Structures are given as C-alpha cells and as structure tokens.
Amino acid sequence: MVQDKAGEAHDNSSYALDRLRELLKAGEFGSEGRLPTERALSDMLGISRRAVRRALEVLESEGLIWRRQGSGTFLGERPSEWSNHVGAIVAGTDFMEIMEVRLRIEPQLAQLAAMRAKPVDIAKMHDIALKIIESSDADARELWDGTLHRLIAQSAGNQLFLSIFDVINRVRQDEAWQAIRERARSSGNAVNISFAQHKTIIEAIAARDPVRAGEAMREHLLMLQERLIRATSLGPTEPGPLSQVS
C-alpha cells in the first residue's frame, strides 16, 4: 500500500480521482465490467475510503461508472430505467411493425451518418460488411449485420435516435426473428445482393451524400421487408408476435 510519511493512506480526493482514471484508461476493470469494493480500492491504492467514495461520485457524474446500492460499482453509463420494459415491447410486436419503424428511422440515420461519420467509422463499416458475407452461419451473419446497422446509427451522432434504434435492434436477440431472417436470406442470391446494397450505403456515406445514403438504406430495407413477407408466407406459421413464430 502507498502511504504518506505518517504511515496512513492518502486522503486527497483529487489524487484518488487521478489514480482511478489511470486504472479505467488502462482497462484494469474491463474484463469483468465491475469495480472492486470501496474497501478493496482503498487497500489497493493506499487511498482513504472517503477519498475513493468522492472520486467515484465524480466518475459516476461523468458517466464513466454507475453504482447500485447493495450490488456494486459498474463500468459505463447507468442503464436507462425504461430498458427494463423493452422485452415486453419486443414480445408484443411482429416483424411488419418492426420493418415499418425501421423504414422511417434508418434512412434518416444514414442521412445523418453521411454528414457526421468519421473516416475511422467508415473504414469499420467496410470491414464489417465483409465480415457479414464471409460468415458461414446464421448467428454470425445476424451479429455482424446488426453491428453494421448500429454503427451507422451511432455515426449519425444523435443519442435519442440511437436509443430508439437500440430498442428495435433488441429484436435480433429473439430466436424466432433470426429464423425468419435466415429463411429470407436463403432465398435466391440474397446474401450477395445485401452485400452490394450495404456497399452502396457505405459509399454514399463516405461521399457525404445524405440523399443517396438515405435512399440506398430505404431500398435495402424494402428488399428485406419483401423477403421477410415471402419467408413467413411460405413458413409453417402465419405472421404474428415474434415469440409465437417458429
């Protein structure tokens, strides 16, 4: 333990804040996503618990950590309270409702991304598009496809839009949705067509062309909507709530 000349722990809150910032920046707590207790941090860093507590309050106000009494301290921003209700929202909807919302939101996000995306974001979009077409199973394709669309949404630079998008994107975790999507992809040359459309969207974003980016996203989603309709009409069940689709 690092101690002062009197042999006691540091009681300087600024010092505690600096040390904790260093640990967060170094990713010391990244593997578990949870910080040690105040007592453990105090012993580890040679800092008084009072100084640790004050430093944690600052980090929480900055959105770097969040705390729940009785549970501990966690990395990142506090989850929104309404996210607890997302599961019920997802269970009560169907793919047509989802596509209607996506068609009205994601073209706008693509337009904003064309104005605000950073070069590093665009480079990542190209890499992820390749991962989608190179994936050999449905789970991987769905993972990377969702990652690409979320990166576009994130690049739009509008936190409220991104929150709405994340609610829609939660549907991808539903096994019934993945089964429908895979049936839609297995028809014709869907994977290659989707790759070409993703490429067109990314190129429009890179060219800083909002109109073309929005239209390319709309065409992409319309194709997906059409294939989903065909997949469900040929499937064993009628379209309905996702939790009921096999």
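Please read all numbers here as calculations on a predicted model, not as lab measurements.
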_Closer than 3.5 angstrom, by distance alone: can the side chain of S135 be matched with the main-chain N or O of K131 as a donor-acceptor pair?_
yes
*Does a side-chain heavy-atom distance below 4.5 Å link E106 with I152?*
no
*Just wondering, are more than 12 heavy atoms of other shown residues or ligands nearer than 6.0 Å to CZ in R208?*
yes
*Side-chain contact test, heavy atoms from C-beta onward, threshold under 4.5 Å: evaluate it for M96 versus V101 and give yes or no.*
no
*Just wondering, do R49 and R39 contact through their side chains at under 4.5 Å, heavy atoms?*
yes
*Can you measure from CH2 (W66) to CG (L75) and round to the nearest 0.5 angstrom?*
10.5 Å
*Will you find, in the side chains of D166 and N169, an N or O donor that is under 3.5 Å from an N or O acceptor?*
no
*Find out whether F195 and L130 are in side-chain contact, i.e. whether some heavy atom of one side chain is under 4.5 Å from a heavy atom of the other.*
yes
*Enter the distance from I193:CD1 to Q197:CD here, rounded to the nearest 0.5 Å.*
7.0 Å
_Assess whether a salt bridge exists between E22 and K25, defined as any Lys/Arg side-chain N lying under 4.0 Å from an Asp/Glu carboxylate O._
no
_Residue pair R67, E38: steps toward the side chain to side chain contact (heavy atoms under 4.5 Å, CB included) verdict_ = CA-CA 11 Å; R67 294 181 289 175; E38 289 182 5; 3.9 Å; yes
*asked:* Using 0.5 Å steps for rounding, measure from the CE atom of M125 to the NE2 atom of H149.
replied: 11.0 Å
*Side-chain contact, heavy-atom cut-off 4.5 Å: L221 with P107?*
yes
*Less than 6.0 Å separating the ring centroids of H126 and H198?*
no
*asked:* Could you check whether any side-chain heavy atom of Q225 comes within less than 4.5 Å of a side-chain heavy atom of R230, counting everything from C-beta outward?
replied: no
*Check each of T73, L23, V52 against L35 using the side-chain contact (heavy atoms from CB on, under 4.5 Å) test, and report the only one that passes.*
T73
_Show the nearest heavy-atom pair for residues I168 and R102, with the distance to one decimal._
CG2-CG, 3.6 Å
*N/O donor-acceptor pair under 3.5 Å between R116 side chain and S155 backbone*: no
*If you round to the nearest 0.5 Å, how far is CZ of F74 from CD1 of I65?*
11.0 Å
*Where is the tightest heavy-atom contact between A110 and M217, given as atom of each residue plus distance?*
CB-CB, 4.0 Å
*Inter-residue atom distance R141.CZ - S136.OG, 0.5 Å rounding*: 7.5 Å
*Decide yes or no for L162 and R150: does some side-chain heavy atom of the first lie under 4.5 Å from some side-chain heavy atom of the second?*
yes
*Can you check whether Q108 reaches I105 side chain to side chain, under 4.5 Å on heavy atoms?*
no
*Gap separating the CD1 atom of I47 from the CZ atom of R53, nearest 0.5 angstrom*: 13.0 Å
